[in-house]
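Throughout, a chain's letter reflects where its sequence line sits, starting with A, and its residues are numbered from 1.
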Protein chains: 2
Amino acid sequence: MTPYYEENTKHYIAVDCIIFGFDEGELKILLHKRNFEPEKGKWSLIGGFLQDNESIDFAARRILQQYSGLSNLFMEQLYTFGEVERDPGERVISVTFYALIRIEEYNNQLKRETSAQWWPISRKPTLIFDHDKMVVKALERLKIRAKNQPIGFELLPRKFSVPRLQSLYEAIYQRNLDKRNFRKKILSMNLLQKLEEKDKGVSKKGAFLYQFDKRKYSKLVEKGFHFEL
Amino acid sequence: MTPYYEENTKHYIAVDCIIFGFDEGELKILLHKRNFEPEKGKWSLIGGFLQDNESIDFAARRILQQYSGLSNLFMEQLYTFGEVERDPGERVISVTFYALIRIEEYNNQLKRETSAQWWPISRKPTLIFDHDKMVVKALERLKIRAKNQPIGFELLPRKFSVPRLQSLYEAIYQRNLDKRNFRKKILSMNLLQKLEEKDKGVSKKGAFLYQFDKRKYSKLVEKGFHFEL
DNA sequence: CCAAAAGTGTTGACCGTACACCCATGA
DNA sequence: TCATGGGTGTACGGTCAACACTTTTGG
């Protein structure tokens, strides 16, 4: 079109997603086996190429939908990796996103690519290219966000008990929390709606279930409230 | 090379930089007049296109060097903007960086592109494309970083007084700080080395100059210290 | 009846914030 | 001598962290 642009070179752009889930008290990520060269058969993040006529955000949602079968996932752009030799096949710039999935919804969902598999963060295989770096960056961001925004709820079932929420935060921060202090703090925010039901799956006594009240949160934010855990 | 890559399309990639300076008690950004169509003659961030054989970081440093005449600036990748129609000329993905400059070093430096001009943030012109959004994002990031990392010193002369440092933080946070509390906190970190000299430029009494001790900071960080202001 | 998880309050330490006066000096 | 900015200490309130026992119930 305009000559000025044409003096420059174009590049492939990939979108890679770090997809987190929480299950059995552990943080997990969804990986898949790469099905083309180079590094075919190795474990990789979930990704794809940016197409014409789609924004980067759209591409990320498309890829997430395709691999998880779920839409409207929590998702945030992370960082763009642009080393010249990061992909030995061709020069590819990768824009990364991290996303949060409720694993039980994923398990109930069948319409999806099936070569993907959940791996506990602590025991995941080595990944191709610079994907391990991407995971490190995603974990850093997840820690920060979990502290300042109520995103933990995106990883738990809609109904959850306080002890379950606490174990999620323990998995994210990689340290134990005091249960009295934790409960005091989270309940004092008035963001959790107590239900009559109990979760009897973990203990004999059973723990009361709660729901995150998104509307209440939005209203508080408008008034200057700042989530912090 | 591999057929798989070739099924996908390539894109122009731009690097745009939000360059901050601090002068006369105000935060400023460096802008320049765009010299090609579309939007020729309008104010724009400083940027350029990613070339073959350079990493994105390298491209950002190249562009910063070209427009400021300075190298080794503090610089951090911010966000990647990828809406389809963000640049009406051609589809261009923009990877943004923000950078911090000591304005007095910039002023002493002559070997540079000269169409650039400093604008106070509060009175800057409307920028082309989505560049105003980029500035907003850079300001958000700057606030967070200034709080958690000792980056303020990148915007001040090597030797500075405590009141000057305070006024920088006031400009970044957009609110007034208590001078006793500010001084107490910053000095209690033991990161500032007091000099014998005074800055007589602002007050008649003169304010003692300090230097940021980068080595001390690195050592403290190794021991788990976390900067916070 | 006992093992295992749920649930509950208090205290001391520390940190953030608010606040007012004297000092040094150039004009 | 006076206007201007530099420099100093204390007290209060709120938040964070540490800590131990009782309750419930399935097996």
J.: Apply side chain to side chain donor-acceptor pair (under 3.5 Å) to Arg123(B) and list each qualifying residue two or more places apart in sequence or on a separate chain.
T.: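 By the side chain to side chain donor-acceptor pair (under 3.5 Å) rule, Arg123(B) matches Glu26(B).
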J.: Does NZ or CZ of Lys194(B) fall inside the cone over Phe208(B)'s six-membered ring, less than 6.0 Å from its centre and within 45° of the axis?
T.: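 Yes; both conditions hold, so Lys194(B) lies above the ring face of Phe208(B).
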J.: Examine the side chains of Gln193(B) and Tyr210(B) and answer whether a donor and an acceptor come within less than 3.5 Å of each other.
T.: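 No, Tyr210(B) and Gln193(B) have no side-chain donor paired with an acceptor closer than 3.5 Å.
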J.: How long is the line joining CG of Asp199(A) and P of dA6(C), in whole Å?
T.: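 Spelled out: CG on Asp199(A) to P on dA6(C) is 8 Å.
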J.: Under the 6.0 Å and 45° cation-pi test, does Arg145(A) pair with Phe74(A)?
T.: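 Arg145(A) over Phe74(A) ring: no.
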J.: Tell me whether the guanidinium CZ or amine NZ of Arg112(B) lies under 6.0 angstrom from the six-membered ring centre of Tyr106(B) and within 45° of its axis.
T.: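 Because its charged atom sits under 6.0 Å from the ring centre and within 45° of the axis, Arg112(B) does stack over Tyr106(B).
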J.: What are the 5'-most and 3'-most nucleotides of DNA chain D lying under 4.0 Å from any heavy atom of chain B?
T.: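 Result: dG5(D) to dT10(D).
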J.: Step through it carefully: locate the ring centre of Phe81(A), locate the ring centre of Tyr79(A), and say whether they are under 6.0 Å apart.
T.: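 Ring centres of Tyr79(A) and Phe81(A) closer than 6.0 Å.
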J.: Whether the Asp16(B) and Ser94(B) side chains hold a donor-acceptor pair (N or O, under 3.5 Å, no angle test) is what I'd like checked.
T.: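 The criterion, which ignores hydrogens and geometry beyond distance, is satisfied for Ser94(B) and Asp16(B).
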J.: Are Arg180(A) and dG7(C) close enough that a side-chain N or O sits under 4.0 Å from OP1 or OP2?
T.: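 Indeed not, no polar side-chain atom of Arg180(A) lies that close.
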J.: Would you write out the dot-bracket form of DNA chain D, 5' to 3', with Watson-Crick and G-U pairs under 3.5 Å, [ ] for crossing pairs, | for pairs to other strands and . for unpaired bases?
T.: |||||||||||.|||||||||||||||
J.: From CG of Asn176(B) over to P of dC19(C), roughly how many Å is that when rounded to an integer?
T.: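 These atoms are roughly 14 Å apart.
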J.: Check the surroundings of atom NZ in Lys198(A): do more than 12 heavy atoms from other residues, nucleotides or ligands lie under 6.0 Å from it?
T.: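 Yes, the 6.0 Å shell around NZ holds more than 12 heavy atoms from other groups.
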J.: Centres of the Phe212(A) and Phe160(A) rings: under 6.0 Å?
T.: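 They do not qualify: ring centres at least 6.0 Å apart.
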J.: What's touching nucleotides 23-26 of chain C from the protein side, N or O pairs under 3.5 Å?
T.:
unit_1, atom_1, unit_2, atom_2, d
dC23(C), O2, Lys205(B), NZ, 3.2

J.: Can you see whether Gln109(B) engages Glu105(B) through a side-chain donor-acceptor pair at a distance of less than 3.5 angstrom?
T.: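 Judged by distance alone, the side chains do not pair up.
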J.: Using atom names, set out every protein N or O paired with an N or O of nucleotides 10-14 of chain C below 3.5 Å, distance rounded to 0.1 Å.
T.:
unit_1, atom_1, unit_2, atom_2, d
dT10(C), O4, Lys184(A), NZ, 3.0

J.: Where along residues 146-174 of chain B does a heavy atom fall under 4.0 Å from DNA chain C?
T.: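 Going residue by residue through residues 146-174 of chain B, none turns out to have a heavy atom under 4.0 Å of DNA chain C.
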